[in-house]
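The structure that follows is given in the form of structure tokens.
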Number of protein chains: 2
Amino acid sequence: MESRIDRIKKHLHSSSYKLTPQREATVRVLLENEEDHLSAEDVYLLVKDKSPEIGLATVYRTLELLTELKIVDKINFGDGVSRYDLRQEGAAHFHHHLVCIECGAVDEIQDDLLEDVEAIVERDWNFIIKDHRLTFHGICHRCHDKTKEETAK
Amino acid sequence: MESRIDRIKKHLHSSSYKLTPQREATVRVLLENEEDHLSAEDVYLLVKDKSPEIGLATVYRTLELLTELKIVDKINFGDGVSRYDLRQEGAAHFHHHLVCIECGAVDEIQDDLLEDVEAIVERDWNFIIKDHRLTFHGICHRCHDKTKEETAK
DNA sequence: GATTCAAAATAAAATAATTATCATTAAGTG
DNA sequence: CACTTAATGATAATTATTTTATTTTGAATC
């Protein structure tokens with residue numbers, strides 16, 4: 001964890017940004033909640049627990065900066081808020097998401113899966129892919145299993 | 001075009017909604033600008049040209065209704081606005097998009113391309129896919145060609 | 001054709017998310 | 001240490017969207 005923060009620090013420095021205490025607190029919250037898909041407001045409330053003097057605007061600015069540096073990815077699942085997701089270290093592309101339309105859970109798929117598709121798109125559409133967003137909407141295994149149990153009764 | 005409106009009309013009726021003049025005007029704007037990815041505001045302004053008395057809230061409600069009936073798909077490319085895209089008639093899934101990070105153009109891919117990926121996700125994650133969103137961010141063929149010409153000089 | 005009734009539309013206000021402004025503070029740098 | 005710049009915090013402003021209260025519309029019935 002510390003080493004990861006160190007690397008983020010270096011990443012910031014290499015673009016001549018500083019890892020201020022506020023930025024570090026924000027990054028720590030993201031690291032501690034890596035599984036979740038936090039909104040700016042969510043991050044703000046969590047950071048506030050440890051650093052109560054921080055302002056919401058600073059959180060927004062930090063998240064924007066981290067997005068710009070591709071340390072986090074900004075994503076939108078169709079509800080009105082942007083969510084922020086730490087990118088896996090060394091990952092060239094953004095990972096995929098499974099959004100459950102029953103319970104709202106968001107699971108992540110780290111596997112690439114798109115190599116073949118991207119090759120086709122680059123060749124047939126002459127489009128140079130820099131990044132992607134892939135989200136499946138459907139019923140997650142938990143809700144699915146639950147339905148099966150209900151039916152079995 | 002008229003027949004397509006007729007089918008949308010029937011679709012609405014089958015869910016006991018009516019195709020009111022305002023809704024028809026909105027649908028016509030969507031049909032006439034099928035290539036584009038209009039925001040609610042865009043749609044509103046275009047509808048207003050022909051039916052100046054329409055209200056923005058009505059446009060929002062209509063777009064929401066059409067989304068619910070899967071006549072249009074609501075999509076978000078990361079700028080702050082939702083965009084609305086007519087679904088191809090008979091299409092089971094939403095088509096894909098190529099967003100150019102140079103010029104901002106949005107091109108569509110109607111081919112499915114995801115059959116294999118979806119099979120893997122359904123099998124390995126036990127997730128029942130109902131819909132998807134796939135967007136590639138990169139450099140479109142137009143910007144790409146332009147760069148090549150520049151270099152050739 | 002008049003009447004009734006529910007759905008839909010309008011206008012305006014409210015809400016929610018995000019961004020901009022600006023005075024203040026902190027962090028380097030000469 | 002003075003000076004310049006960057007970053008922050010509080011708040012105001014903006015933008016997108018939704019809600020509310022009220023009016024209008026149009027089909028169904030008398």
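Below, chain A is the first sequence line, B the second, and so on; all start at residue 1. Keep in mind that what you see is a predicted model, and the values were worked out from it rather than measured.
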TODO: Measure from OH on B/Y44 to P on D/dT15 and round the result to the nearest Å.
DONE: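 In whole Å, D/dT15 P and B/Y44 OH are 16 Å from each other.
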Task: Rounded distance in Å - CZ (B/F77) to C1' (D/dA16) - done: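 Roughly 18 Å, once rounded to whole Å.
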Open item on the list: Without decimals, in angstroms, what is the distance between A/Y17 OH and C/dG28 P?
Closed with: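 To the nearest whole Å, that distance equals 16 Å.
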TODO: List the protein contact pattern of nucleotides 15-24 of chain C with one symbol per nucleotide (5' to 3'): B for base contact, S for sugar-phosphate-only contact, - for none; contact means a heavy-atom distance under 4.0 Å.
DONE: --SBBBB---
Open item on the list: Rounding to an integer number of Å, can you tell me how far A/R23 CZ sits from D/dA6 P?
Closed with: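 Rounding to the nearest Å, CZ of A/R23 and P of D/dA6 are 11 Å apart.
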TODO: Write out all pairs satisfying ring-ring contact (aromatic ring centres under 6.0 Å, His included) with one or both partners inside residues 17-46 of chain B, taking only residues at least two apart or from two chains.
DONE: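 Found B/H37-B/F77, B/H37-B/H97.
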Task: Side chain to side chain, B/L98 and A/W125, heavy atoms closer than 4.5 Å - done: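 In contact.
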Task: The single option from B/R142, B/H96, B/H141 passing side-chain hydrogen bond (donor to acceptor under 3.5 Å, both in side chains) against B/D107 - done: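 Among B/R142, B/H96, B/H141, the one that satisfies the side-chain hydrogen bond (donor to acceptor under 3.5 Å, both in side chains) with B/D107 is B/R142.
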Task: A/T58, nearest nucleotide to its side chain (from C/dA9, C/dA27, D/dT8) - done: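 So the nucleotide nearest the side chain must be D/dT8.
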Open item on the list: If I take atom CG in residue A/D79 and atom C1' in nucleotide D/dA16, what distance separates them, rounded to the nearest angstrom?
Closed with: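 Whole-Å distance recorded here is 14 Å.
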TODO: Would you mind reading off the distance between B/Q22 atom CD and C/dA11 atom C1', rounded to a whole angstrom?
DONE: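 These atoms are roughly 14 Å apart.
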Task: Atom-pair distance (CG on A/L63; C1' on D/dT8), nearest Å - done: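 The distance from CG of A/L63 to C1' of D/dT8 comes to 15 Å, rounded to the nearest Å.
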- [ ] Flag the pair B/D131 / B/H93 as yes when at least one side-chain heavy-atom distance between them is below 4.5 Å, and no otherwise.
- [x]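 Yes, side chains in contact.
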Open item on the list: Restricting to side-chain contact (heavy atoms from CB on, under 4.5 Å), what partner residues turn up for A/E89, sequence neighbours left out?
Closed with: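 Here the qualifying residues are A/R4, A/R7.
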- [ ] Look at the side-chain N and O atoms of B/T20 and state whether any lies under 4.0 Å from the OP1 or OP2 oxygen of C/dA9.
- [x]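 Answer yes for this pair, as a side-chain N or O of B/T20 is under 4.0 Å from OP1 or OP2.
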TODO: Grab the CD1-P distance between A/I54 and D/dA10 for me, whole Å please.
DONE: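 Taking CD1 of A/I54 and P of D/dA10, I get 10 Å after rounding.
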Open item on the list: Counting only heavy atoms not in A/E35 (residues, nucleotides, ligands), do more than 12 fall under 6.0 Å from its CD?
Closed with: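 Atom CD in A/E35 is not packed in, count stays at 12 or less.
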